Amino acid sequence: MKIIAGNWKMNGDVKSLDNMINDLSGIDTESRVILCVPYTMLRAGNDVVMIGAQNVSKFESGAHTSEISAKMVRDTGAVVTLVGHSECRDALHDTNTDVAERAKMAILNDLIPIICIGETATERDMGLTIRVVENGVRESVPDNATDGGFIIAYEPRWAIGAGITPTTQQIGAVHKIIRETLNDMGFTDTPILYGASVTGANAHEIMSVPNVDGVLVGGASLKLDDFIPIIKNAE
Ligand code: 13P
């Protein structure tokens, strides 16, 4: 079973999510489909589609104007949240420690965090990919994490929204390091997703790479015609 997660970023509206859930609910798939949507659209999903947020606060409650707590997200019926997405790491200056605190709150409130990690173009060019990714896993996974209770997403930051992907060899090498790191931490049953410029055309090849348990999809998750081929290509 693969995990196909969509990240709608700051796109869509309630009606477009209604339509997407409705259309996806009719498909026959073995995969686990997740849609991470803006806060205003959060709700409970169904047997086919799990609904998730795109971030949660590291605080429990209180004077944090504009923030949304993990408890509030869970209260909508949503069951998943992204944490540490590169766009949030950039905008909010989140470190791995901040990401771990957000993931910790997610787990405390019965949300499955999808913990995103990945190297920038500069880090890649400096040969730091493996170090950044390994540190990302070790430092962003919180101390209350349980095996299978969270998901890792590897998103090379230079490939997000860029229409380019690393080679399958590069993806395989990074996912192998992530798997070994997770094993070393005692997490032998934790899924690892690949994300960045995934489309219907490359999804099958990417998901055939060892240690790729699914994909995290941005742009191509917004339209059914783009998203369905990715789900179909998981089989
Ligand atoms: P794209 O699929 O648009 O490259 O976005 C990837 C991403 O950021 C998913 O979280």
Side-chain angles (χ1 to χ4, degrees), residues 2-12 16-17 20 24 31-39 41-42 49-56 73 78-92 94 96 99 102-103 106 111-121 123-124 129 132-133 136-137 140 150-168 170-171 174-175 178 191-207 209 212-234:
K2 296 288 188 188
I3 298 171
I4 313 296
N7 173 11
W8 275 20
K9 307 193 179 186
M10 197 172 72
N11 294 293
S16 55
L17 182 60
M20 178 69 92
L24 288 177
S31 297
R32 162 74 57 210
V33 180
I34 303 170
L35 286 177
C36 296
V37 297
Y39 293 124
M41 302 170 209
L42 289 176
V49 189
M50 295 166 90
I51 300 294
Q54 298 172 5
N55 205 2
V56 291
V73 169
V79 288
V80 176
T81 186
L82 300 176
V83 289
H85 190 279
S86 70
E87 287 151 21
C88 298
R89 287 182 187 253
D90 283 345
L92 305 171
D94 269 4
N96 288 332
V99 173
R102 294 179 190 278
L111 296 172
I112 300 169
I114 301 178
I115 301 171
C116 306
I117 52 167
E119 79 285 7
T120 62
E123 288 165 341
R124 176 202 59 191
T129 299
V132 167
V133 167
V137 175
S140 305
F150 68 101
I151 297 170
I152 295 287
Y154 168 56
E155 298 206 308
R157 290 161 77 157
W158 48 273
I160 293 177
I164 44 166
T165 50
T167 64
T168 49
Q170 286 170 322
I171 295 172
V174 176
H175 277 241
I178 296 173
I192 309 169
L193 312 185
Y194 169 80
S197 297
V198 175
T199 65
N202 62 20
H204 183 72
E205 195 185 10
I206 290 171
M207 280 188 271
V209 175
V212 176
D213 302 309
V215 286
L216 177 56
V217 187
S221 69
L222 291 170
K223 287 202 212 116
L224 197 69
D225 288 351
D226 296 330
F227 200 38
I228 291 274
I230 298 174
I231 299 170
K232 291 284 169 208
N233 273 318

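This structure is a prediction, so every number in the text was calculated from the model and none was measured. First listed ligand is number 1; within each ligand, the first listed atom is number 1.
Ring geometry, H175 versus Y194: the interplanar angle falls from 30° to 60°, so the pair is classed tilted.
Of the N and O atoms on the side chains of H85 and Q54, not one donor lies less than 3.5 Å from an acceptor on the other residue.
Atom CG of L193 sits about 11.5 Å away from atom CG of N7, to the nearest 0.5 Å. For the atom pair CG (L17) and CG (L222), the distance works out to 11.0 Å, reported to the nearest 0.5 Å.
Judged purely by atom type and a 3.5 angstrom limit, N11 has no side-chain atom pairing as donor or acceptor with the backbone of G218.
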Discussion item. For M207 and I4: C-alpha separation, side-chain torsions, deciding distance, then whether side-chain contact (heavy atoms from CB on, under 4.5 Å) applies.
Written reply: CA-CA 10 Å; M207 280 188 271; I4 313 296; 3.7 Å; yes

I'd like the atom pairs linking ligand 1 to the protein - N or O on both sides, separation under 3.5 Å - with distances to 0.1 Å.
| from | atom 1 | to | atom 2 | distance (Å) |
| --- | --- | --- | --- | --- |
| ligand 1 | 2 (O) | S197 | N | 3.4 |
| ligand 1 | 2 (O) | G218 | N | 2.9 |
| ligand 1 | 3 (O) | G219 | N | 2.9 |
| ligand 1 | 4 (O) | G161 | N | 2.6 |
| ligand 1 | 4 (O) | S197 | N | 2.8 |
| ligand 1 | 5 (O) | K9 | NZ | 3.3 |
| ligand 1 | 8 (O) | K9 | NZ | 2.8 |
| ligand 1 | 8 (O) | H85 | NE2 | 2.8 |
| ligand 1 | 10 (O) | N7 | ND2 | 3.0 |
| ligand 1 | 10 (O) | H85 | NE2 | 2.9 |
| ligand 1 | 10 (O) | E155 | OE1 | 3.3 |
| ligand 1 | 10 (O) | E155 | OE2 | 2.9 |

